[in-house]
Amino acid sequence: MRLQDKVVLITGGASGIGRAIAEGVAAEGAHTIVADLNFEGARIVADSISDAGGAARAIEMDVTRRRSVAAGLDEVWDDIGPVDVYLNNAGINRPMKFLDITEDNFERIISVNALSVLIGTQEFAKRVIRDKRRGKVINTASIAGRSGFPSFAPYSAAKAAVISLTQAGARALAADGITVNAFAPGVVATPLWEQLDKDLAAIGEEDSGFAAMADGILLDRPAQPSDIVPTAVFLASADSDYITGQVVPIEGGMILT
Ligand code: NAD
C-alpha cells in the first residue's frame, strides 16, 4: 500500500491509460479522484473502484478551462482533503496532413494536451503552497514529444511542450517541495488509437496507424494501459522523492537516444 492516505487526482481518468492508473493507484490505497470531461465515464470508473473496496470520487473537469480545474480542486480540497498527487493525463489527437493543418486544429490540440498541463500544475501548486504542504505533479508526455510525426505535428509539438513544462515546473517549484515528473508512453492500445486509426484512414494516412507504429518495437508488442501503471505508481509514491524534472520513457524500445 504505497499510497495509503494519499489523495491522487488524475485527469482523463475515464478511459485508457488514465483509467488504468486510477485503478492502479486506488489498489495502492490512494483516495482516487477521477477527473474527466466525460463525467459519466468518470463515474463508471469511480464506481468500479469503490465496488472493488477502494476509495474514489468522480468529478467533471475540462482541463482547458482554468475555472473548471480550480472548481474541481476546491471541491476535492473541501470534501475529501488536500490533493497530494496531480496527474495531468487528459489528451486528444486529431491527425491532419502536415500541409493541411489549420490554426483551429493546432490550437485545440495544444490547448487540451499542453495548456492543460500549465493550468493544472499552477492551480494544484498554488493550493499546495498556500497550505504549506508537499506535492507531486506527474505529466503524460509521449514518444511524439521526443520525435515529431508528420501526420500529427500539433500533437508532437504539444507533447514536446509537456516535456518543457515538466522541466520548467520542476525548476520553478522545487523550493516549494513540489516535484514535477513525466512519463512518455509509446504505442498503447486505448480508445485514443481506435479513433486515431479511423481519422488517419480518412485522410489517406493509414500507413502511420497503430499497426505501423507498433512494428519494430524492440520488445515486440505494443503496450497495454497496464504497462504504464507501475511507473505512474512509482512517480506518485515516496519512492520517487529524490527525482524531479525527469521524463521516463515507457515504450518497449522505440527511441534510443
Ligand atoms: P483516451 O482517449 O482513452 O483517454 C483520454 C481521456 O481524456 C478521455 O477520457 C477523455 O474524455 C479525456 N479528455 C479529453 N479532453 C478532455 C478535457 N478537455 N478535459 C478533461 N478530460 C478530457 O486516451 P489515452 O490513450 O488513454 O491517452 C491518455 C494520455 O496518454 C493522453 O495524454 C495521450 O496523449 C497520452 N498518450 C497516449 C498514447 C497511446 O498510444 N494511447 C501514447 C502516448 C501518450
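Predicted, not measured: the structure shown is a model, and the values here were computed from it. Ligands are counted one by one from 1 in listed order, and the atoms in each one are counted from 1 as well.
Below 3.5 Å of separation, one finds no N or O of Thr64 facing any N or O of ligand 1. Residue Trp193 has at least one nitrogen or oxygen atom sitting less than 3.5 Å from a nitrogen or oxygen atom of ligand 1, judged on distance alone. Checked against a 3.5 angstrom limit, the closest N/O atoms of Leu37 and ligand 1 fall inside it. Checked by distance only, ligand 1 and Thr140 stay at 3.5 Å or farther apart across all their nitrogen or oxygen atoms. Considering both main-chain and side-chain atoms, Val63 comes within under 3.5 Å of ligand 1 through a nitrogen or oxygen pair. Ligand 1 has an N or O atom lying under 3.5 Å from an N or O atom of Thr190, backbone or side chain. For a threshold of 3.5 Å applied to N or O pairs, the pair formed by Ala35 and ligand 1 contains no separation below that value. Taking any N or O of Asn38, backbone or side chain, none lies under 3.5 Å from an N or O belonging to ligand 1.
The shortest separation from a heavy atom of Arg19 to ligand 1 is not under 4.0 Å, leaving the residue out of contact. Using a 4.0 Å cutoff on heavy atoms, Ala184 does not count as a contact of ligand 1. Using a 4.0 Å cutoff on heavy atoms, Gly186 counts as a contact of ligand 1. Put simply, no part of Phe210 is less than 4.0 Å from ligand 1, judged by heavy atoms. Residue contacts with ligand 1 include Pro191, since one or more of its heavy atoms lies under 4.0 Å from the ligand.
Of all atoms in ligand 1, listed by their number and element, those nearer than 4.0 Å to a heavy atom of Ala14 are 9 (O). Shown in contact with Val187 at under 4.0 Å from a heavy atom are these atoms of ligand 1, numbered in order with element: 40 (O). Residue Val112 has at least one heavy-atom neighbour below 4.0 Å for each of these atoms of ligand 1: 15 (N). If you number the atoms of ligand 1 from 1 as listed, the ones under 4.0 Å from a heavy atom of Gly16 come out as 3 (O), 26 (O).
Side-chain atoms of Asn113 come within 3.5 Å of backbone atoms of Ile109 as a donor-acceptor pair (strictly under, hydrogens ignored).
For Asp36, the side chain to side chain donor-acceptor pair (under 3.5 Å) test picks out no residue, with sequence neighbours left out.
With a 6.0 Å radius and a threshold of 12 heavy atoms from other residues, nucleotides or ligands, Arg65 has its CZ atom at or below the threshold.
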Acceptor/donor pairs from residues 15-22 side chains to any protein atom, 3.5 angstrom cut, sequence neighbours excluded:
from  : atom 1 : to    : atom 2 : distance (Å)
Arg19 : NE     : Glu23 : OE2    : 2.9
Arg19 : NH2    : Glu23 : OE2    : 3.4

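Test Asp239, Asp84, Asp241, Asp176 against Lys136 for salt bridge (Lys or Arg N to Asp or Glu O under 4.0 Å) and you get one pass: Asp241.
Pro249 has its side chain within reach of Arg146: a pair of non-hydrogen atoms, C-beta onward, lies under 4.5 Å apart.
In the candidate list Ile17, Asp36, Val69, Ile250, Ile17 is nearest to atom 38 (C) of ligand 1, counting heavy atoms.
Ring geometry for Phe152 against Tyr155 counts as perpendicular: the plane angle is over 60°, on a 0 to 90° scale with 30° as the lower cut.
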